[in-house]
Amino acid sequence: MTAVKIIKVLGTSTESWEDAAREAVSEASKSVDNITGVEIQDHTANVEDGSITEYKATVEVAFPVRDGTQ
């Protein structure tokens, strides 16, 4: 049986929420090994003068917990 750890990561993009989610996963993968899944928790944005200037996606990233013998 494998234990899975879940962390929350906030990604940002000036293009879209999808890009923000991709950015969150890309950045998390730089320090987290073996990401096995993600869940998008929340979508938010910054607005200036009636237009979205920055998209934000809060992403839960799942990965197996190492047992220390590896």
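Side chains included, hydrogens not; waters and symmetry mates left out as well; all remaining heavy atoms used.
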Quiz item: Nearest 0.5 Å, what's the CD1-CD1 distance between Ile35 and Ile7?
Solution: 7.0 Å

Exercise. Mind checking ring pair (Phe, Tyr, Trp, His ring centres under 6.0 Å) for Tyr55 and listing every partner two or more places apart, or none if nothing turns up?
Key: Trp17

Self-check item: Closest non-hydrogen atom pair, Ala21 against Ala57
Solution: N-CB, 3.7 Å

Quiz prompt | Closest heavy-atom pair and its distance - Val25, Val38 | solution = CG2-CG1, 3.6 Å

Practice problem: Might you point out which heavy atoms bring Val9 and Ala24 nearest each other, and give the distance in Å? | Solution: CG1-O, 3.7 Å

Self-check item: Single-linkage hydrophobic cluster, 4.5 Å side-chain cutoff, Val61 and Leu10 together
Solution: no

Quiz prompt | Ile6 CD1 to Glu60 CD distance, which is reported to the nearest 0.5 Å | solution = 5.5 Å

Self-check item: Summary of side-chain hydrogen bond (donor to acceptor under 3.5 Å, both in side chains) pairs that have at least one residue in residues 21-32, sequence neighbours excluded
Solution: Glu18-Arg22, Asp19-Arg22, Glu27-Lys30

